[in-house]
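Below is one structure, written out as structure tokens; comments come after it.
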Amino acid sequence: MRVRFAPSPTGALHVGGARTALYNWLIARQSSGSFVLRIEDTDRERSTPENVAQVLDALRWLELDWDEGPYSQAERRPRHSEGIERLVAEGHAYLDEGATRLRVPDEGATVVQDVIRGEVTFEHAAIDDFVIARSDGSPLYNLAVAVDDRDMGITHVVRGADHLSNTPRQILILRALGADPPVYAHLPLLHGPDGKKLSKRHGAASVQDLRDAGYLPEAVRNYLALLGWGYDESTEFFTTEELIERFSLERVSKSPAVFDEQKLRWMNGHYLRQLPPEELTRRLEERLGRQGLEPAVRIAQEKMQTLNDFWQLAAFLVEPQPDDTAAWEKVMTDGAPERLRRAREALASAEPFDASSIESALRAVVDELGVKPRDVYQPIRVAISGGTVSPGIFESVAVLGREETLARIDRALERAAA
RNA sequence: GGGGGCGUGGUCUAGUGGUUAGGACGCCGGCCUUUCAAGCCGGAGGACACGGGUUCGAUUCCCGUCGCCCCUACCA
């Protein structure tokens with residue numbers, strides 16, 4: 001099995017293209033076949049080196065490795081020209097105002113055998129003699145695709161449903177060239193939340209955006225696999241090995257899907273929590289360009305859904321805490337300073353200064369004061385973290401260390417007295 | 001306009017000629033007598049786009065309608 005992913009480099013790789021690449025990659029790996037990467041860059045206006053680099057970067061980040069390429073379609077111009085000349089020479093195409101058109105039969109029909117959609121019939125009467133080469137001789141999309149797929153020995157063309165209507169044209173060219181068409185599979189399109197075809201206006205829709213937002217490539221692969229495909233009635237999590245083993249084009253759905261970042265977040269959180277703390281730390285330290293994050297990572301991990309959540313949740317453990325006026329006013333009510341003072345005393349003598357003895361010390365304060373746990377814990381949380389949300393309070397205090405914790409509480413006490 | 005595709009709760013999906021139409025995200029509530037975006041438990045929400053037909057019986061088969069999307073470029 002030889003498949004190809006043939007994006008036109010118009011900018012960042014969007015999730016729709018990423019899913020197409022993933023599906024191709026999965027069936028190539030499943031069949032021990034080849035995954036060919038071909039850049040459809042015949043439109044020089046849009047195909048810049050930067051755009052091509054973005055596509056390659058996105059695929060690398062997703063860890064979808066290709067076996068051949070990237071081939072440049074533009075560089076294959078000589079082959080396209082040969083095809084055009086042959087079609088004209090054999091009477092399958094003709095010149096019209098300088099451009100070259102394919103002669104489409106008036107009668108009959110071309111049937112596309114689609115793995116996902118079954119037989120799709122296109123009457124020739126509804127297909128005009130379309131242009132395959134501009135008047136300057138340069139090849140157009142349908143011609144280039146047909147010639148390249150043939151030359152590259154592509155056996156299965158798996159692409160978006162937006163190409164279904166172009167398929168009979170490509171088959172017509174292939175047949176005129178004396179070639180047998182490959183097997184086709186047209187994937188359902190991805191739409192935005194508004195039901196329209198996914199575009200750049202729909203938020204975090206590119207692979208680049210997902211990486212920047214702190215998603216894990218393995219989670220993105222799992223989520224994307226599920227956009228248009230389902231294995232059974234309840235399995236949602238698949239390792240990449242399982243995807244390779246279980247994926248099948250026959251089970252791909254026909255209807256368009258909407259990219260739902262909420263569900264991706266949920267799934268990403270699941271993957272994040274399964275990562276060994278050392279591994280998560282490694283990724284975070286590399287991403288943030290910092291060292292010594294492991295203690296903070298260990299206690300923040302269970303609440304993170306994306307890598308970016310870490311900083312929001314645990315920055316106070318690594319840097320001076322920011323002030324959050326709203327949190328302060330909500331928590332630092334009448335008796336709060338006194339409760340905080342009592343907590344400070346307990347923390348000053350807790351020994352050793354670890355989560356469990358800190359917990360005992362603070363629970364004792366809660367008992368002595370006869371208040372609700374939160375009445376003691378929240379003022380501490382605001383004092384050390386600046387906000388009302390943080391990892392577990394005992395663990396947070398332990399990671400911060402006695403000296404820094406007491407200093408921050410003292411500062412809060414001063415502020416409360418002022 | 002012509003051609004093509006698609007149509008299961010807000011979203012992603014499973015499914016069958018006879019099921020209480022299954023799972024998940026999200027949402028709501030509760031529990032974790034520390035917050036929470038984490039975890040656990042429970043709940044609301046769909047008669048399967050609509051109308052015919054075939055059938056003892058259709059979400060599942062056929063036809064039509066409607067809606068959405070794609071192609072119809074000397075873009076890809």
Side-chain angles (χ1 to χ4, degrees), chain A residues 6-10 39-43 45-47 73 96-101 109 112 114 116-118 120-128 130-142 144-145 160-169 186 188-191 193 195-197 223 226-237 251 253-267 269-270 272-273 300-306 309 312-313 327 330-331 359 362-363 366 372-378 380-382 385 387-396:
Chain A
S8 64
T10 56
I39 306 298
E40 312 234 308
D41 54 358
T42 52
D43 178 351
E45 294 271 312
R46 298 188 280 183
S47 303
Q73 189 162 61
D96 173 35
E97 294 191 20
T100 309
R101 289 180 183 276
V112 177
D114 191 279
I116 297 168
R117 290 151 210 280
V120 184
T121 303
F122 295 84
E123 298 292 337
H124 291 157
I127 303 176
D128 295 329
F130 57 98
V131 178
I132 57 176
R134 298 184 179 90
S135 35
D136 67 2
S138 59
L140 253 19
Y141 175 68
N142 285 123
V145 168
D162 49 342
H163 289 292
L164 184 53
S165 299
N166 279 320
T167 306
R169 295 187 177 85
H186 287 92
L189 254 23
L190 254 35
H191 286 182
K196 291 178 181 166
K197 186 184 177 186
Y223 176 72
L226 258 23
L227 270 189
W229 174 80
Y231 179 66
D232 60 18
E233 63 177 40
S234 59
T235 312
E236 304 239 58
F237 289 97
R251 287 187 64 82
S253 71
K254 301 186 186 72
S255 51
V258 174
F259 178 78
D260 179 10
E261 191 173 350
Q262 294 261 53
K263 187 160 184 176
L264 206 212
R265 276 191 69 84
W266 163 79
M267 182 164 271
H270 182 95
L272 228 38
R273 261 166 266 120
Q301 183 169 16
E302 70 166 42
K303 290 179 183 174
M304 296 167 54
Q305 284 195 312
T306 66
D309 287 346
Q312 197 165 356
L313 214 46
K330 178 182 175 187
V331 173
E359 175 167 3
L362 292 179
R363 284 194 188 284
V366 169
K372 291 181 179 175
R374 68 169 56 175
D375 292 331
V376 172
Y377 303 152
Q378 283 300 76
I380 299 173
R381 195 185 308 277
V382 170
S385 79
T388 57
V389 176
S390 78
I393 190 68
F394 313 125
E395 293 77 7
S396 296

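Here is the naming used below: chain letters follow the sequence lines, and residue numbers restart at 1 for every chain.
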Pairwise distance CZ(A/F122) to CG(A/N166) - rounded to 0.5 angstrom: 9.0 Å
With sequence neighbours left out, what residues match [X] under side chain to side chain contact (heavy atoms under 4.5 Å, CB included)?
X      : answer
A/E40  : A/A6, A/S8, A/R38, A/Q73, A/Y141, A/V145
A/T306 : A/Y215, A/R265, A/N268, A/N308, A/D309
A/A300 : A/M304, A/F310, A/L313, A/A314, A/P391
A/V131 : A/A99, A/R101, A/L140

Under 4.0 Å, counting only non-hydrogen atoms across every strand here, what does [X] touch: a base, just sugar-phosphate, or nothing?
X      : value
A/I127 : nothing
A/Q301 : nothing
A/R265 : nothing
A/V389 : base

Please table the atom pairs, donor to acceptor, closer than 3.5 Å between any side-chain atom in residues 253-260 of chain A and protein atoms at least two apart or in another chain.
unit_1, atom_1, unit_2, atom_2, d
A/D260, OD1, A/Q262, N, 3.1

Return a single string for nucleotides 1-8 of chain B, one symbol per nucleotide in 5' to 3' order, where B is base contact, S is sugar-phosphate-only contact and - is none, cutoff 4.0 angstrom on heavy atoms. --BSSSS-
Using atom P of each nucleotide, how far apart are B/U11 and B/C27 to the nearest Å? 16 Å
Roughly how far apart, to the nearest Å, are B/A21 and B/C50 at atom P?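 About 16 Å, rounded to a whole number of Å.
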Most 5' of A/F394 and A/S253 on RNA chain B, judged by nearest nucleotide: A/S253
Syn or anti conformation of B/A47, syn meaning chi within 90° of 0: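 For B/A47, whose glycosidic angle is within 90° of 0, the conformation is syn.
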